[in-house]
K.L.:
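Below is the structure I would like to discuss, written out as structure tokens.
As the structure is a prediction and not an experimental result, all values here were calculated from the model.
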Amino acid sequence: MTPFALLQDIAKRCRSHAADLPSKIEAVEYWRGVGFVLAGKRYVAPMSDVSEILTAPKLTQVPGVKHWVQGVANVRGRLVPVMDLAAFLGGRTTSQRTRRTLIIEKGDVLNGLVVDAVLGMQHFAVESQLPTTELDLVDGTESFVTGGYKRDEEIWPVFSFDALVGDQHYMDIAV
């Protein structure tokens, strides 16, 4: 058998044992976000909203601001105001060890938001999306949640940083 004939035979056998490509009906579209814990409850934010995730940066205190403003941090040469999101919403934060800072850029607004923990990238089937009316929100986040996703009998509310930045109470940090 010639080398070319041998290669043809191998290709023929490979094609006969290859699995078919999945049909379009089987394909599932996914929505992706960054999961985080806030006041003991799980949330997810769109991937496009989170620029960076940091451990607690060194902060410089700012006088004359509300209690939930932790200070400003130098993040890669840019001054970033850092806010305790749970304290802003009237809740309490948990362990200092797992706390992370989400860097959010919305138009001209650059913020660091302290959350209790980051749970990494989360994937949800688009068909599992829930409207806000089906969520049980009683912790002060009602204005900042734009629906949710259900996975494994657990509901993940989608936190909207657009709504947060658009909130006048959040933007007014002076005492």
Side-chain angles (χ1 to χ4, degrees), residues 17-57 67-70 73 75-76 80-171:
H17 294 293
D20 290 336
L21 292 174
S23 65
K24 287 187 179 186
I25 296 170
E26 295 175 27
V28 176
E29 186 179 349
Y30 286 96
W31 181 89
R32 290 165 186 80
V34 176
F36 62 94
V37 178
L38 183 62
K41 187 168 180 173
R42 292 176 182 221
Y43 292 89
V44 66
M47 289 289 296
S48 59
D49 285 1
V50 180
S51 302
E52 201 168 345
I53 301 169
L54 306 172
T55 55
H67 72 279
W68 42 268
V69 179
Q70 291 193 330
V75 178
R76 294 181 221 321
V80 178
V82 177
M83 321 297 192
D84 185 333
L85 191 53
F88 167 73
L89 296 169
R92 294 196 175 270
T93 56
T94 58
S95 168
Q96 293 280 14
R97 191 172 39 93
T98 61
R99 294 178 86 184
R100 297 292 181 262
T101 303
L102 303 176
I103 303 298
I104 309 300
E105 277 188 79
K106 287 291 177 188
D108 294 338
V109 179
L110 175 66
N111 271 301
L113 299 174
V114 176
V115 296
D116 296 339
V118 172
L119 304 172
M121 187 185 303
Q122 303 294 319
H123 304 270
F124 301 94
V126 171
E127 66 224 21
S128 70
Q129 187 173 15
L130 300 170
T132 308
T133 55
E134 290 187 32
L135 305 176
D136 184 24
L137 302 170
V138 292
D139 54 2
T141 61
E142 301 87 6
S143 302
F144 310 110
V145 170
T146 58
Y149 288 92
K150 187 173 185 178
R151 183 180 67 204
D152 299 330
E153 300 307 312
E154 188 172 20
I155 295 175
W156 293 66
V158 176
F159 197 92
S160 169
F161 296 119
D162 285 327
L164 182 68
V165 169
D167 182 72
Q168 188 57 41
H169 177 65
Y170 177 77
M171 296 303 288

K.L.:
Search all heavy atoms of Val145 against all heavy atoms of Thr132 and return the closest pair with its distance.
P.N.:
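Minimum heavy-atom contact is O-OG1, 3.8 Å.
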K.L.:
So how far is it from Leu102 CG to Phe36 CZ, rounded to the nearest 0.5 Å?
P.N.:
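Rounded to the nearest 0.5 Å, the CG-CZ separation comes to 6.5 Å.
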K.L.:
Looking at residues at least two apart in the chain, or sitting in another chain, which of them share a ring-ring contact (aromatic ring centres under 6.0 Å, His included) with His169?
P.N.:
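In terms of ring-ring contact (aromatic ring centres under 6.0 Å, His included), with neighbours along the sequence ignored, His169 is linked to Phe88.
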K.L.:
Sequence neighbours excluded, which residues qualify as side-chain hydrogen bond (donor to acceptor under 3.5 Å, both in side chains) partners of Glu134?
P.N.:
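In terms of side-chain hydrogen bond (donor to acceptor under 3.5 Å, both in side chains), with neighbours along the sequence ignored, Glu134 is linked to no residue.
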K.L.:
Give the C-alpha distance, both sets of side-chain angles, the deciding distance and a yes or no for side-chain contact (heavy atoms from CB on, under 4.5 Å) between Thr55 and Arg100.
P.N.:
CA-CA 5 Å; Thr55 55; Arg100 297 292 181 262; 3.9 Å; yes
K.L.:
Side chains of Pro57 and Thr101, heavy atoms from C-beta outward: is any pair under 4.5 Å?
P.N.:
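Yes, at least one pair of side-chain atoms sits under 4.5 Å.
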K.L.:
Does some side-chain heavy atom of Val115 sit less than 4.5 Å from a side-chain heavy atom of Tyr43?
P.N.:
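The answer is no, as the side chains (C-beta and beyond) never meet within the 4.5 Å cut-off.
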K.L.:
Just one of Val44, Leu85, Leu113 clears the side-chain contact (heavy atoms from CB on, under 4.5 Å) bar with Phe159, so which one?
P.N.:
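With Phe159 as partner, Val44, Leu85, Leu113 yield a single side-chain contact (heavy atoms from CB on, under 4.5 Å), made by Leu85.
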K.L.:
Would you call the rings of Phe124 and Trp31 parallel, tilted or perpendicular, where under 30° means parallel and over 60° means perpendicular?
P.N.:
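Tilted, since the angle between the ring planes falls between 30° and 60°.
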K.L.:
Using only atom types and a distance under 3.5 Å, with no angle test, would you say the side chain of Arg151 pairs donor to acceptor with the backbone of Ala125?
P.N.:
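A pair under 3.5 Å: no.
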K.L.:
Short question: side chain of Ser128, backbone of Tyr149 - any donor-acceptor pair under 3.5 Å?
P.N.:
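Checked: no pair found.
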K.L.:
Any chance you could lay out the side-chain contact (heavy atoms from CB on, under 4.5 Å) test for Val34 and Gln122, step after step, and finish with the verdict?
P.N.:
CA-CA 6 Å; Val34 176; Gln122 303 294 319; over 6 Å; no
K.L.:
Taking all atoms of both residues into account, what is the closest heavy-atom pair of Ala86 and Leu38, and its distance?
P.N.:
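Looking at all heavy atoms of both residues, the shortest contact is N-CD1, 3.5 Å.
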K.L.:
Which atom names give the shortest non-hydrogen contact between Met171 and Val165, and what distance separates them?
P.N.:
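Heavy atoms of Met171 and Val165 come nearest at CG-O, 3.2 Å.
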K.L.:
Do the charged groups of Asp136 and Lys41 touch, with an N to O distance under 4.0 Å?
P.N.:
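Looking at Asp136 and Lys41, the cut-off is not met.
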K.L.:
For Ser51, enumerate each residue passing the side chain to side chain contact (heavy atoms under 4.5 Å, CB included) test, keeping only those at least two apart in sequence or located in another chain.
P.N.:
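Residues passing side chain to side chain contact (heavy atoms under 4.5 Å, CB included) with Ser51: Ile103, Glu105.
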K.L.:
Are the side chain of Thr98 and the backbone of Asp116 linked by a donor-acceptor contact shorter than 3.5 Å?
P.N.:
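Flag set: sc Thr98 to bb Asp116 pair under 3.5 Å.
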K.L.:
For Lys106, what residues pass the side-chain hydrogen bond (donor to acceptor under 3.5 Å, both in side chains) criterion, not counting sequence neighbours?
P.N.:
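For Lys106, the residues satisfying side-chain hydrogen bond (donor to acceptor under 3.5 Å, both in side chains) (neighbours in sequence not counted) are Asp49, Asp162.
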K.L.:
So Asp84 and Arg99, do their side chains get closer than 4.5 Å, heavy atoms only?
P.N.:
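Yes, side chains in contact.
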K.L.:
Restricting to non-hydrogen atoms, name the atom on Asn111 and the atom on Met83 that form the minimum distance, rounded to 0.1 Å.
P.N.:
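Shortest heavy-atom contact: OD1-CE, 3.4 Å.
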K.L.:
With Glu154, which residues qualify under side chain to side chain contact (heavy atoms under 4.5 Å, CB included), at least two apart?
P.N.:
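Partners of Glu154 under the side chain to side chain contact (heavy atoms under 4.5 Å, CB included) test: Arg42, Trp156.
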K.L.:
Roughly how far, to the nearest 0.5 Å, is CE of Met121 from CE of Met47?
P.N.:
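It comes to 3.5 Å.
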K.L.:
Could you pull out all residues at least two apart from Thr146 that satisfy side chain to side chain contact (heavy atoms under 4.5 Å, CB included)?
P.N.:
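Thr146: side chain to side chain contact (heavy atoms under 4.5 Å, CB included) contacts with Val158, Ser160.
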